[in-house]
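Numbers for residues simply follow the sequence, beginning at 1. Note that this is a predicted model, so its numbers are computed, not measured. Ligands are counted one by one from 1 in listed order, and the atoms in each one are counted from 1 as well.
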Amino acid sequence: MTGKVFIVGAGPGDPELITVKGRDLLTQATVVLYDNLVAPELLPPNAKKIYVGKKKSDHSMPQEEINRLLVEYAKNGEIVVRLKGGDPYVFGRGGEEAEALADAGINFEVVPGVTAALGIAAYTGVPLTHRDHNSSVTFVTGHDPDKIDWTKTGHAETLVIYMGLTTIGTIAEKLINAGRPPETPAVVVQRATTPRQHTIFTTLAELKHVVETAHLKPPATIVIGEVAALRGKLDWFEKRPLFGQTVLVTRAEGQSEEGSSQLRRLGANVLDIPVIEIQPPEDAAPLNEAIENLQHYDWILFTSANAVTKFFAALFLTNRDARAIRARIGAIGTHTAAALQTVGITPDRVAEQATAEGVVKAFETENLAGARIMLPRAAVGRDVIPNEFRRRGARVDVVPVYRTAVPLESLEKLAAVDHADWITFTSSSTVKNFLALGGRRLLEAGAKAISIGPATSETMRAHSIPITAEATTHTMSGVIAQITSALPKVNPPD
Ligand code: SAH
């Protein structure tokens, strides 16, 4: 049985700008052929992924070879997605690929994408048409300026030039000679729609100089026309509070990605570095025993969301559910309480302060004499809670339900990071593991460290990490609030 090829536009850079259809096809693909303009986040984990390059400088794979691969994979019965930057039929050679498939009698479909020009229009504040200014738009390639009759194209009211970085001097000259006023507004945009978008507002006459002095590199696109002047008013993307800031998030596996998406929505360039891997405890006996004796406990205190998920996973494995619990339930902080809600349990008590001290405080008035308390938690942890509760007459069973490790894959990931403006630490383990992975050099290079709360700060001080700020609410949102308040309210225009 032969397969099928889907030529899919990936959009201009922001991975969220792919179409719903394109995204769905990626989940079905068995083979994905992609080029260098495609956002890496879009690549599906399970498909065979083939990089076919296409940078001007390194023609990693000739077009004929790409065409041949598409045909061959389809003939082998694969569901092939040919993922291309922007739109496949706008300066993408998607036409040639579709022709090759048609010639070989291969079944194919084409899914459009947001082309760079449209991404730039929206994300830099340059509408391509505007009733007050123009009624036509032209997309041209600057690849070979001699092929274009600039006396005609030059009159296009909005001119979008793809691949024109190296030839812009010649193009600008030809446009001016053809009668376009030298002071016509223009923008050059590099890496549009990504957190590293760089926009320069200038004039037609100045373009060559601007491109040279700013050392712009592809992918970059130039828009010339009166509409470029609207940018001053419509530029929302680069005005978001964290635009231009690189935030390294030292994340624990299983920890929600909510913090990172919140940072991205605020405009930050987020580097997600997992520093903690959750593994089963070395000895499962205490957990199994605690589950067998579930009826005897008066309280179960969960001190992390991980403790909740791992404890209940073990409980469910024994064919029991929440009804097997007679004890009252306590949670450290709202995050752990939310994890309990996902297994249908509303905790009887939630410590407002998400620290061991906060839990102690939440039980201040409780008579604990003779109470049996289970404390499911990480294999290694602080003993503040068991010590204090035992002192007050409780019988406390500390039950390791998971242990943490340093994910070795992150060594390489972190080694590739050359700069961060901010680093977030959300637990003592994130601090220690980040250092173990070699992260100190980023701090020494000036990255500012934000701590989620007092215990984390203590560990940071113990490791001589200067603390730029400590969150007042001990959540990732609290950490983010410290970053935004440390920055001026609006980025100054460039
Ligand atoms: N098919 C693509 C274009 C591929 S040609 C599309 O529809 O967008 C490559 C050129 O596209 C680059 O040289 C640049 O001019 C433009 N381009 C692609 N992505 C871009 C981006 N994120 N920012 C600015 N220009 C981009």
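In terms of modelled atom types and a separation under 3.5 Å, the side chain of Thr199 and the main chain of Val189 share no donor-acceptor contact. A donor-acceptor pair under 3.5 Å is absent between the side-chain atoms of Thr194 and the main chain of Gly13, judged by distance alone.
Under a 4.0 Å criterion applied to the non-hydrogen atoms of Leu37, ligand 1 contributes the atoms 9 (C), 18 (C). Counting the atoms of ligand 1 from 1 in the order shown, those under 4.0 Å from a heavy atom of Asp87 are 1 (N), 6 (C), 7 (O).
Taking a cutoff of 4.0 Å between a charged side-chain nitrogen and a carboxylate oxygen, Arg93 and Glu97 do not qualify as a salt bridge.
Residue pairs meeting the side chain to side chain donor-acceptor pair (under 3.5 Å) criterion with at least one member in residues 10-20, sequence neighbours excluded: Asp14-Tyr123, Glu16-Arg265.
When Thr141, Val160, Thr124, Val90 are checked for heavy-atom proximity to atom 1 (N) of ligand 1, Val90 turns out nearest. The closest heavy-atom contact to atom 15 (O) of ligand 1, among the options Ala116, Ala220, Pro219, comes from Ala220. Closest heavy-atom approach to atom 5 (S) of ligand 1 within the set Phe139, Phe91, Tyr162: this belongs to Phe91.
Where the criterion is an N or O separation shorter than 3.5 Å, residue side chain and backbone included, Ala192 meets it with respect to ligand 1. Ligand 1 has a nitrogen or oxygen under 3.5 angstrom from a nitrogen or oxygen of Gly85. In terms of polar-atom proximity, defined here as any N/O pair under 3.5 Å, Met163 does make such a contact with ligand 1. For ligand 1, one of its N or O atoms has an N or O atom of Thr221 under 3.5 Å away. Taking only nitrogen or oxygen atoms, main chain and side chain alike, Thr193 does not reach within less than 3.5 Å of ligand 1.
The neighbour count for Arg196 CZ, taken as heavy atoms of other residues, nucleotides or ligands under 6.0 Å away, does not exceed 12.
Aromatic pair Phe6/Phe108: ring centres not closer than 6.0 Å.
With a 4.0 Å cut-off on non-hydrogen atoms, Val189 touches ligand 1 through its backbone and not its side chain.
Side-chain contact check for Asn67 and Gln63: at least one donor-acceptor pair (N or O, by modelled atom type) lies under 3.5 Å.
Contact analysis puts Arg191 in contact with ligand 1, with a non-hydrogen atom separation below 4.0 angstrom.
Applying the side chain to side chain contact (heavy atoms under 4.5 Å, CB included) test between Asn306 and each of Thr303, Val308, Thr309 identifies Thr309 as the sole match.
Between atom OG1 of residue Thr153 and atom CD1 of residue Ile148 there is a gap of 6.0 Å, rounded to the nearest 0.5 Å.
Ranking protein heavy atoms by distance to atom 7 (O) of ligand 1, first place goes to Thr115 OG1, 2.6 Å. Looking only at heavy atoms of the protein, atom 22 (N) of ligand 1 is closest to Pro12 O, 2.8 Å.
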